[in-house]
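Both ligands and their constituent atoms are indexed starting at 1 by order of listing.
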Amino acid sequence: MPQALDELFSDKQLKRDSASLQRWGCDWTRSFEIAPSAIVFPESVDEVQALVRYAKTEGVALVPSGGRTGLSGGAVASHGEVVVSFDRMNQILDFNATDRLVTCQAGVITQTLQEFAVDKGFFYPVDFASAGSSQIGGNVATNAGGIKVIRYGLTRDWVAGLRVVTGDGELIDCNQGLIKNATGYDLRHLFIGSEGTLGFIVEADMRLTRQPQTQYVMVLGIEQFGDILNVLAHFQESLSLSAFEFFSEAALQKVVAHRDLQRPLAGSADFYALLEFDESAIDAAGRSYEEVVAKGWVGDGVLSQSQAQAEALWQLREGISESLAEFTPYKNDLSVRVSQMPAFIEDVDALVRASYPEFEVCWYGHIGDGNLHLNILKPADLDVTAFYARCHEISPRIFEQVSARNGSISAEHGVGLLKRDFLGYTRSQPEMAIMQAVKKVLDPAAIMNPGKLLPRTGGFH
Ligand code: 2HG
Ligand code: ZN
């Protein structure tokens, strides 16, 4: 390890012990080698700039690290990289009620921003199960989505300004928190979702909105996969939903066992939909419920009677991912247009049944915005490498279905290492060539999260 890191950072900002390397060198994926050479904890933008300039001169690869809750290996350091943790840049720097803007350092935890907004009488609406550990910088770098996208959109929609340190060590201020700014290329959007491959986000101006009404949650039991979308369309005819999530009985069983939760309904169904809506929509939701039951799409349902029950019902959906971790799942995070979803689900379901007869498969996700999570569970007696090899054999066939419907092989989890070699199923060759050319401009020494996102084909990175 070059001596200079010790000169750039104090003892408390630099770790090289093996427990720390293992802890900060990975995300929630469990299939990649974890082998960083050091972890650094900058405390200021100046320190990030100095580090990047040093890394560029010395040819040291850097891996940015937020809350490490990613599911695609975007924050994994497998090749002796220096991990750049934003844990010590975790302050809210500014708030302006007129602008409805909060300026966050990259390491602010998502939930801290959500709570700060509520304290100020506002609302930060992007939400997901890992909000308690994920960081704003990571959310922006992966354009995180989550459970409220049908009402509030993605992280991208809440970023008003970004300060970014490029691979040259330059600090650039993108969009200055403005609403209107018609001065050419909006570089802010280039960095959103770039997974640290173009620059490191050091500060973000995040937009807030008004607090919503009290939310109610309904869970419905549905037998036919295809009817889930009929139910969605039917409810949307008469009310605005804040969320429309689904999960299969197999997924429900896992989360109920893992968190020791109550099942939502007296009986069971093959699938469940979870809907959330404003208090003022309760009557419309009740009428829609009667109608979807009458149509035979829904067998039974439950409506939250209290905030505590609404939260308990949400746990049935939000706890699924964590409950599957012990099965070393192979994760698919697919999206197509909502209109394409029924045919897409039918094709993927048939393919999965035929391809993985020996594996348990859990379906769940944000079906209201066209996003499916398909987790294939490793049988206890199969070795991880053999399991992943088998999944990698089948993945291209699933991705062909995605491609045929102009969908995405990574709706919200990012590309990282896990999906990198499959990027061509969603992005065209000319697009990938442009992405590589852009990377070369912003990261000429190829030190910013190298090997992530962009395929290695073409001899670049
Ligand atoms: C969710 O929606 C997360 O729960 C995780 O995006 C999905 O674990 C997954 O596959
Ligand atoms: Zn998700």
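- Distances from the Zn ion (ligand 2) to the N/O/S atoms of E412 are shortest for OE2.
- Looking at ligand 1, you'll find an N or O of H373 within less than 3.5 Å of one of its N or O atoms.
- A salt bridge links D349 to R353: at least one charged side-chain nitrogen sits closer than 4.0 Å to a carboxylate oxygen.
- Atom 9 (C) of ligand 1 has Y364 OH, 2.9 Å as its closest protein atom, hydrogens excluded (heavy atom only).
- Between E412 and ligand 1 there is a heavy-atom distance shorter than 4.0 Å.
- At a threshold of 2.8 Å, the Zn ion (ligand 2) has no backbone or side-chain N, O or S atom of D333 nearer than that distance.
- Residue contact check: H366 has heavy atoms under 4.0 Å from atoms 2 (O) of ligand 1.
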- request: Could you give me the CA-CA distance, side-chain angles and deciding distance for R151 and E276, then say whether salt bridge (Lys or Arg N to Asp or Glu O under 4.0 Å) is met?
  value: CA-CA 10 Å; R151 177 162 179 184; E276 190 185 66; over 6 Å; no

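- Contact annotation: for I320 versus ligand 1, there are no heavy atoms closer than 4.0 Å.
- For F41 and F86, the distance between ring centers is not under 6.0 angstrom.
- A donor-acceptor contact closer than 3.5 angstrom links the side chains of N371 and D333.
- Centroid-to-centroid, the aromatic rings of F271 and W363 stay 6.0 Å apart or farther.
- Among the atoms of H373, an N, O or S atom falls under 2.8 Å from the Zn ion (ligand 2).
- Taking the ring centroids of F244 and H366, they lie at or beyond the 6.0 Å cut-off.
- The aromatic ring centroids of F246 and F225 lie less than 6.0 Å from each other.
- Only the side chain of L71 comes within contact range of ligand 1, with a heavy atom under 4.0 Å; no backbone atom does.
- When the options H413, E245, R317 are ranked by their closest heavy atom to atom 4 (O) of ligand 1, first place goes to R317.
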